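Before any comments, here is the structure.
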Amino acid sequence: MENPETEMRAYDLMQPGRRLTPLVFASPHSGRHYPADFVSRSQLEGHQLRSSEDAFVDRLFDDVPNHGAPLLAARLPRAWIDVNRAADELDPALIEGQRRGAHNPRVASGLGVIPRVVSGGRPIYSGKLSQTEVRDRLRHAWQPYHASLRRLMNESVEAFGQAILIDCHSMPHEALDQVRVQGRRPEVVLGDRFGASAGRDITDMIEAEFAREGFVVSRNSPFAGAFVAQHYGRPRAGRHVIQVELDRACYMDEATLTPHSGFADVKARLTAVVARLCQTGRRDESLAAE
């Protein structure tokens with residue numbers, strides 16, 4: 001068993017030998033290090049708690065550093081804290097003494113920064129959390145993750161004149177039941193908040209590379225991007241964020257939460273996409289990794 005300090009580390013940062021490209025990759029929802037006290041306090045079984053994970057997304061993209069870009073991956077699970085939410089998206093139905101603010105559909109549905117439910121709307125806890133515990137989670141997990149993400153983005157802008165964040169996620173197969181692209185069910189959804197978080201040329205380039213590898217790609221439907229895209233995407237300032245959602249059925253058995261026989265092929269195709277994307281803005285004079 002990991003010692004408590006390692007168990008509670010907020011993220012893993014996999015750096016290249018040298019930064020060769022303005023691209024930054026992040027996986028905010030693939031964390032699978034569940035604190036023991038969280039598991040014991042939850043009224044759900046471990047398999048149910050894991051249902052909110054973007055399982056194995058960090059593994060699908062773990063070749064990123066070999067192509068000159070960093071990969072930031074949350075270690076702690078989305079069910080414990082969601083780093084793709086604003087720190088003030090606090091749920092009065094879950095947190096003792098929390099005042100009700102303006103209507104926020106994510107918070108109202110139980111999916112604030114400290115989730116009240118997992119997928120399917122199943123409640124995680126039988127009671128409420130204290131303000132102290134919530135502040136501790138934000139301080140030990142949310143703040144370090146975002147401090148690292150800001151630093152990586154700033155380094156790209158300083159070294160290359162722009163930053164392109166690929167925010168990597170996966171989605172339930174059923175989320176695509178009503179979505180079709182030229183009659184075909186999409187496997188990848190790119191979210192740029194309808195152009196607000198990334199320049200169109202950047203999103204076009206990314207879509208073209210996924211399509212080149214045979215993925216059916218939808219844009220902004222059914223997911224256009226959440227807090228990270230909204231907060232960090234400033235295309236006029238050279239800061240682009242594209243949320244990438246991959247259909248989980250492409251690489252894993254959703255019922256058992258295990259990779260299936262297609263995992264290696266999907267990973268190889270994603271690695272090919274990453275390799276070509278990382279040629280974007282590449283410079284001979286690169287940023288030495290710290």
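Computed from a prediction, not measured in an experiment: that's the story for all the values here.
- Contact record, Pro144 with Tyr11: O-CE2, 3.4 Å, taken as the closest heavy-atom pair.
- Within the structure, ring-ring contact (aromatic ring centres under 6.0 Å, His included) contacts touching residues 162-190 (residues at least two apart or in different chains) are His29-His169.
- With Arg75 contributing its side chain and His33 its backbone, the two residues share no donor-acceptor pair below 3.5 Å.
- At a cut-off of 3.5 Å, with distance as the only test, no side-chain donor of Ser52 or Arg78 sits close to an acceptor on the other residue.
- Both tests pass for Arg59 against the ring of Phe263: distance under 6.0 Å to the centre and angle within 45° of the axis.
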Cut-off 3.5 Å, no hydrogens considered: what does the side-chain donor-acceptor table look like for residues 64-73, sequence neighbours left out?
unit_1: Asn66; atom_1: ND2; unit_2: Asp63; atom_2: OD1; d: 2.4
unit_1: His67; atom_1: NE2; unit_2: Asp63; atom_2: OD2; d: 2.9

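- Rounding to the nearest 0.5 Å places OG1 of Thr258 at 11.0 Å from OH of Tyr251.
- For CZ of Arg180, the number of neighbouring non-hydrogen atoms (other residues, nucleotides, ligands) closer than 6.0 Å is greater than 12.
- Judged purely by atom type and a 3.5 angstrom limit, Gln43 uses its side chain to pair as donor or acceptor with the backbone of Tyr125.
- The closest donor-acceptor contact from the side chain of Ser40 to the backbone of Asp37 lies under 3.5 Å.
- Of the listed residues (Arg200, Arg212, Arg219), just one forms a salt bridge (charged side-chain N to carboxylate O under 4.0 Å, His left out) with Glu207, and that residue is Arg219.
- Not a single donor-acceptor pair under 3.5 Å links the side chain of Arg85 to the backbone N or O of Pro115.
- Side-chain contact between Phe215 and Leu246 is present, with at least one heavy-atom pair separated by less than 4.5 Å.
- Looking at heavy atoms from C-beta onward, Val228 lies in side-chain contact with His146 at the 4.5 angstrom threshold.
- Counting only residues at least two apart or in different chains, side chain to side chain donor-acceptor pair (under 3.5 Å) contacts with residues 259-274 comprise Asp62-Lys267.
- Side chain of Arg137 to main chain of Trp80: a donor-acceptor pair is present (N/O by atom type, distance under 3.5 Å, no hydrogens or angles).
- The backbone N or O of Glu45 lies less than 3.5 Å from a partner atom in the side chain of Gln48, making a donor-acceptor pair.
- When all heavy atoms of Val189 and Asn220 are compared, the closest pair comes out as CG1-N, 4.2 Å.
- Side-chain atoms of Gln131 and Gln98 form a donor-acceptor pair, as typed in the model, at a separation below 3.5 Å.
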